[in-house]
Trainee: 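Quick one: this structure, given as structure tokens, is what I'll be asking you about.
Basis for what follows: all heavy atoms, side chains included, without hydrogens, waters or symmetry-related copies.
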Amino acid sequence: MSGVLASLIDAGAQHDAEYRGGLSNHLPMALLALRRLGASDARLSAFAATYGTRLEPTPAAQAWPAGDPWPGRLGQRDAWPAYRHLFAQWLTHEEAPDVLAQVLPTLMTGCGGGAFHGLIRTAYALRSESMAELTDALAYWACIHMPLRVRGAAAVAVGGTAELADALEGLPRKAVKAPMISVRMQAAATQPKFAAATDKLRIDEQTLPTLAQHAATLYAASGNFTVLHLVTSAHAMRVLLPFVDEPLAAVHGYWLAYAAGCVAASANVGEAAPLLPWTRIVKRAIESDDEHVIKLADSCREEEQIYGGKAWRLAASRVVAVAV
């Protein structure tokens, strides 16, 4: 990281992981995405100053009780300060890849918590190479960990036979009305058709690329805010998957959350926005003060480099068109 970016991310440790009653703090993610898009130091500083006005101060420090198992407070939002202490100690004594290998299998069982923001923030933190930010990201994921209560779902549906389109077709159609994405996702997973539909999907090495492509295509045709999080979370999954010893189990956990996100979105499909060149997309994203626009443009540009195809540029064209 450059000096300015590193300083801004380090300074971000003074802010709580959430604000306004449950909204995720996107500052470190957006700063890194802006830098990856080519934003100047001045633009990074200006974004941090503007975005920081909405954030809340970090709560008082808490020590993790010695000897307590690390998953003991998963899903407890008020446990973020204690998890910060725990992961700070852990990352002091072990390298980041070793810590990730130990915790990701458990965290992936609740990867949809906070609308996937624990997953997404951890992927960005890893790319930032800041151990302080990785500490905060893992702590956040732990305290918003949200296992889906799927009735009758297989532990790992690697034996499924259906393609993605067939599995999605079987999902429930009706989403619960609630402002928070995670609440709608939880409700979706309890519907009777959900387990049968998700168990159909064959989980293999192509599942994640297929989900990523589906998310980008669906966002390009809908501009749906919930679907936007499916795009950025699929990107984060690809970044973190190399650190998981059993990737198919991790992808299955992600698939359950992804499917719940599809139901929660209730996306209305229409025509895609006009396809823009990347130069214009990137310029608009850098100029935007919307953290979601910035992160989607960054995720899509990288996914296109990995997977190829027009879906990513179409999705990014849609998000900057919405931002204008």
Side-chain angles (χ1 to χ4, degrees), residues 23-24 26 29-30 33 111-121 123 146 148 164-165 167-189 191 194 197-198 201 207-238 251 254-276 281 285 288 290-304 307 309-323:
L23 298 178
S24 297
H26 288 64
M29 298 179 275
C111 66
F116 297 96
H117 283 121
L119 166 67
I120 298 167
R121 184 168 176 176
M146 186 183 78
L148 296 175
L164 179 61
L168 291 173
E169 182 65 27
L171 288 173
R173 298 294 178 192
K174 190 174 182 180
V176 177
K177 291 184 179 180
M180 301 299 286
I181 294 172
S182 56
V183 173
R184 301 200 305 272
M185 289 172 61
Q186 286 178 304
Q191 294 190 47
F194 188 84
T198 52
L201 184 66
T207 300
L208 181 58
T210 301
L211 293 176
Q213 176 86 25
H214 173 262
T217 302
L218 184 57
Y219 182 81
S222 68
N224 183 279
F225 184 65
T226 299
V227 175
L228 179 150
H229 292 80
L230 300 182
V231 179
T232 53
S233 64
H235 168 242
M237 270 295 296
R238 183 180 56 75
V251 171
Y254 176 68
W255 156 239
L256 292 178
Y258 184 99
C262 287
V263 178
S266 295
N268 295 315
V269 174
E271 292 193 13
L275 185 65
L276 300 176
I281 293 169
S288 176
D290 188 326
E291 65 273 23
H292 293 96
V293 171
I294 295 164
K295 286 168 53 222
L296 187 82
D298 173 54
S299 293
C300 286
R301 193 170 69 148
E302 181 165 290
E303 296 291 76
E304 182 182 278
Y307 297 127
K310 288 198 306 184
W312 320 105
R313 189 150 60 102
L314 282 167
S317 297
R318 182 65 178 255
V319 81
V320 296
V322 170

Trainee: Between W255 and T198 (side chain of the first, backbone of the second, donor and acceptor by atom type, cut-off under 3.5 Å), is there such a pair?
Mentor: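 Here the side-chain-to-backbone pair exists.
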Trainee: Do you know which two heavy atoms are closest between A220 and R318, and how far apart they sit?
Mentor: O-NH1, 2.9 Å
Trainee: Within the structure provided, determine whether H235 and K295 are in side-chain contact (heavy-atom separation under 4.5 Å).
Mentor: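 In short, these two side chains do not touch, never coming nearer than 4.5 Å.
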Trainee: Please report the shortest heavy-atom distance between A297 and A285, naming the atom on each side.
Mentor: CB-CB, 3.7 Å
Trainee: Which heavy-atom pair separates L314 from A272 by the least distance, and what is that distance?
Mentor: CD2-CB, 4.2 Å
Trainee: Taking all non-hydrogen atoms of both residues into account, name the closest pair between I281 and S317 and its distance.
Mentor: CD1-OG, 3.5 Å
Trainee: Are side-chain heavy atoms of L230 and Y219 found at a separation under 4.5 Å?
Mentor: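 L230 does not reach Y219 side chain to side chain.
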Trainee: Side-chain contact, heavy-atom cut-off 4.5 Å: N224 with L218?
Mentor: no
Trainee: Might you point out which heavy atoms bring C300 and V231 nearest each other, and give the distance in Å?
Mentor: SG-CG1, 3.9 Å
Trainee: Spell out, as yes or no, whether a donor-acceptor pair under 3.5 Å connects the side chain of R121 to the backbone of H26.
Mentor: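 Judged by distance alone, no pair lies under 3.5 Å.
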Trainee: A side-chain contact here means heavy atoms from C-beta on lying under 4.5 Å apart; do H229 and H117 qualify?
Mentor: yes
Trainee: Answer yes if the side chains of Y254 and T207 hold a donor-acceptor pair under 3.5 Å, and no otherwise.
Mentor: no
Trainee: Are any non-hydrogen side-chain atoms of V319 and H292 less than 4.5 angstrom apart?
Mentor: no
Trainee: Between E291 and M29, is a side-chain contact (heavy atoms from CB on, under 4.5 Å) present by the stated rule, with each step listed?
Mentor: CA-CA 8 Å; E291 65 273 23; M29 298 179 275; over 6 Å; no
Trainee: Determine, step by step, whether Y307 and R238 satisfy the side-chain contact (heavy atoms from CB on, under 4.5 Å) criterion, reporting the C-alpha distance in whole Å, the side-chain angles of both residues, the deciding distance to 0.1 Å, and the verdict.
Mentor: CA-CA 11 Å; Y307 297 127; R238 183 180 56 75; 3.3 Å; yes
Trainee: Under 3.5 Å, sequence neighbours excluded: what are the donor-acceptor pairs made by side chains of residues 167-175?
Mentor:
| unit_1 | atom_1 | unit_2 | atom_2 | d |
| --- | --- | --- | --- | --- |
| E169 | OE1 | R173 | NH2 | 3.3 |
| E169 | OE2 | R173 | NH2 | 3.0 |
| R173 | NH2 | E169 | O | 3.0 |

Trainee: Judged by modelled atom types alone, do T226 and R184 share a side-chain donor-acceptor pair under 3.5 Å?
Mentor: yes
Trainee: Could you tell me which non-hydrogen atom of S288 sits nearest to which non-hydrogen atom of I294, and how far apart they are?
Mentor: O-CD1, 3.5 Å
Trainee: Is any side-chain heavy atom of C111 less than 4.5 Å from a side-chain heavy atom of M237?
Mentor: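 Not in contact.
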